[in-house]
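First comes the structure, then the notes that go with it.
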Protein chains: 2
Amino acid sequence: MTAAAHRPATLEDVARIAGVSRSTASRVVAGTGFASPAARERVAAAVDHLGYVPNPAARALVRGDGVRLVVAVAGTSAAVLDDPYVHRVVGSAARVCTPAGVGVALHWLPLGEPGSLGQLARDRSVCGVVLVNTTAELLDAVPRSLRGRVVSIGIGSADVPSFDVDNLSGAGEVLRHLYATGRRRIAMVTGPEWLPCSQRPVQAYRQLMRQAGLPERVLPGDFTAARGRAAAGEALRRWPDLDAVYAISDETALGVIASLRDRGVRVPGDVAVAGFDDIPLAAMTAPALTTASHPVGRIAVAAATAVLDGRPAAPETLFPSALVVRDSA
Amino acid sequence: MTAAAHRPATLEDVARIAGVSRSTASRVVAGTGFASPAARERVAAAVDHLGYVPNPAARALVRGDGVRLVVAVAGTSAAVLDDPYVHRVVGSAARVCTPAGVGVALHWLPLGEPGSLGQLARDRSVCGVVLVNTTAELLDAVPRSLRGRVVSIGIGSADVPSFDVDNLSGAGEVLRHLYATGRRRIAMVTGPEWLPCSQRPVQAYRQLMRQAGLPERVLPGDFTAARGRAAAGEALRRWPDLDAVYAISDETALGVIASLRDRGVRVPGDVAVAGFDDIPLAAMTAPALTTASHPVGRIAVAAATAVLDGRPAAPETLFPSALVVRDSA
DNA sequence: GTGAAAGCGCTAACAA
DNA sequence: TTGTTAGCGCTTTCAC
């Protein structure tokens, strides 16, 4: 790697220096096809000498396989793109895509406008799509041409493999823990109503409550701490005998705790609170948060890798969620 | 926008349908150069009819301007790429780059291996670089060929415009607040020692302590909550008369508070604790965290936009940091 | 095993 | 104002 040539080297330069044709140079650089050991060596030397770096855009153009992986987030407003969860997904995806010479783009998918997916499908620079917060409606609108290069973090469909945390059993574990520690008046703060993947934990909740003959108390949420604050007040007002709150996000749970504290309700003494995600700060709060783990990074990596590889993925890949018992419940 | 043609339309198709040449179609689609109103209209109709989406990769190839914006994070290990702060930067950058047809890539820049920047400079698919956690050494190693398309979030140089929070005055404000509320034995938990942009707050600290005739007590940190826990113990051991801790990240501050609480030290009664960033959860903890705001998203957006635009940016753009007084100090 | 040639989708001179 | 021509950097048949 020589000092910066002012114009970055191209494969043509490499070929010339190595005394071979561009085709041969291409074969050894891309590691595809045949080449004599001698040629191999001389090309390698030239690459090294020139500090040659292949241009993924040119390669993608000729092979027709795109240079951008799109993370497409469904939601009611573009504000969903500011969500910390989304940023974690994008960050992890970017890390995986970099070695492949692929960049990550971040799109908002307006609910009820499934047409925006067609746009992505017709953009030849898009090598694939990772859907986040999908709905059944959106899944149905996935164009044929996207098949095999689209996956979903959340619910999936026949055409769209899904990667998600096993939130059904995760929720079950948390709820059983609440029950086992004597809680009987358990309220749940859910995710947005339109979001299918937040329905699973609700199912788990309803089922368990029914089995145990306990009242079902569900409050809609949106994963934010602010909503947690509000929900706690509402819960207390509607159900004064409340002895536990299960929130579907750690942020929300912390909001619940903050609100409870402000009102002089002790946690976990009077009311136990549990969350979902196990964010790093969950261990630092007072009381430390009881929650269930959520390997967002690993899920995003798996989803992005599946798109990049282009191999047919399993219809559903579930990542385990583990109960983490701390102080709040 | 017709139902999905199986093969996405190209400019050629648009031109044919519109009955014009490819160049004319290109001119009206790209909005560059002349075209008669008639041509304009027919091309627009064809685009609409075909659902044509331009291929940014092809465009970038011919214009020589790259399809990826690289977020390059310096650090001692690749683990820096998992940092929530980095993810926020990547997420915000991705959002800005998407309309331009540019994807975001995430690179680790090993400390002491400035050569890795050359690699990026020679990759023609890279339209620009946003440096994060830069050092002077790295800045000096920025290749000429990157000039005009590289910026830094953190310290800058003659060739690299910097975008950063005004952490000097932010830190000053926090420290003055601590002093004004009667704290006199103030310890500071800093960022990594090799990281220049975390030195500014330390300067502010040392200067203020000196002016006030107070002891200087600095502990190295790494922005994590875990380090905060450890640092609190260390501080208590070395300086039993401690009455305040100023941590350079909210996570660290929350770790400090957790550790203090475990040891029976009351916050803010015995020891006040302040942080830096104002993460959303800072308002939810007990006690709620006193801190200074840090508009990471806006900074990242400005940095990415500057790279994308390619216009010469001001050598230094400072974003204001505001003191947020809550309960912990 | 290797090279010549064609072309991915697009833009930018240049001519008409 | 428009079309023709020549590529951008790379991969990939297809002959040799």
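Chain letters run A, B, ... following the sequence lines, proteins first, then strands; residues in each count from 1.
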### Query
Given C/dC8, D/dC10, C/dT2, which nucleotide is nearest the side-chain atoms of A/R124?
C/dC8
### Any N/O donor-acceptor pair, B/S26 side-chain to C/dA12 base, under 3.5 Å
no
#### Entry: Side-chain donor-acceptor pair present, B/S21, B/T24, cut-off under 3.5 Å
yes
## Note on the structure
DNA chain D nearest-nucleotide lookup for B/R40 and A/L11: closer to the 5′ end is B/R40
### Task
Check the distance between C/dG9's C1' and A/D123's CG and give it to me in whole angstrom.
12 Å
### Task
Decide yes or no, distance alone: a donor-acceptor N/O pair under 3.5 angstrom between the base of D/dT12 and the side-chain of A/R63.
no
### Message
Quiz question: going by heavy-atom distance under 3.5 Å, is there a donor-acceptor pair between the base of D/dT1 and the side chain of B/T24?
### Response
no
### Task
Look at all strands and tell whether A/A60 reaches a base, only sugar-phosphate, or nothing, counting heavy atoms closer than 4.0 Å.
nothing
#### Entry: Donor-acceptor side-chain pairing of A/S152 and A/S162 below 3.5 angstrom
no
### Message
Side chain of B/S36, heavy atoms from C-beta onward: which of D/dT2, D/dT12, C/dG9 has the nearest atom to it?
### Response
D/dT2
### Task
Run the numbers on B/D123 and B/R68 for salt bridge (Lys or Arg N to Asp or Glu O under 4.0 Å), then give the verdict.
CA-CA 10 Å; B/D123 184 334; B/R68 299 190 298 157; 2.9 Å; yes
### Message
Please find the pair of heavy atoms, one from B/Y85 and one from B/I153, that lie closest to each other, and give the distance.
### Response
OH-CG2, 3.4 Å
### Task
Measure distances between side-chain N and O atoms of A/R27 and base N and O atoms of C/dG3, and say whether any donor-acceptor pair falls under 3.5 Å.
yes
### Query
Distance only, no hydrogens: is a donor on one side chain within 3.5 Å (strictly under) of an acceptor on the other, for A/R27 and A/T32?
no
### Task
Check every atom of D/dG3, D/dG9, C/dG9 against the side chain of B/N55 and return the nucleotide holding the closest atom.
C/dG9
### Task
Under 4.0 Å between any heavy atoms, over every strand shown, what does A/V29 touch: base, sugar-phosphate, or nothing? Just pick one.
nothing
### Query
At under 4.0 Å, does any side-chain N or O of B/T10 touch on OP1 or OP2 of C/dG9?
no
### Message
Taking any heavy-atom pair under 4.0 Å as a contact, classify A/A57: base, sugar-phosphate, or nothing.
### Response
nothing
### Task
Rounded off to whole Å, could you give me the CG-to-C1' distance for the A/L61 and D/dC8 pair?
9 Å
### Task
Tell me which nucleotide among C/dG9, D/dT11, D/dT1 gets nearest to the side chain of B/A58.
C/dG9
### Task
Ignoring hydrogens and angles, answer whether the base of C/dA12 and the side-chain atoms of B/S23 contain a donor-acceptor pair closer than 3.5 Å.
yes
#### Entry: A/R16 CZ to C/dG3 P, straight-line distance once rounded to whole Å
15 Å
### Query
Starting at the 5' end of DNA chain C, which residue's closest nucleotide do you reach first, A/R22 or B/P54?
A/R22
### Task
Take atom CD of A/E41 and atom P of C/dG1, then tell me their distance rounded to the nearest Å.
17 Å
### Task
Measure from CG on B/D65 to P on C/dT11 and round the result to the nearest Å.
10 Å
#### Entry: Atom-pair distance (CZ on A/F34; C1' on C/dG3), nearest Å
16 Å
#### Entry: B/R42 side chain vs B/A18 backbone, donor-acceptor pair below 3.5 Å
yes
## Note on the structure
Testing C/dG9, C/dT11, D/dC10 for proximity to the side chain of B/R59, the answer is C/dT11
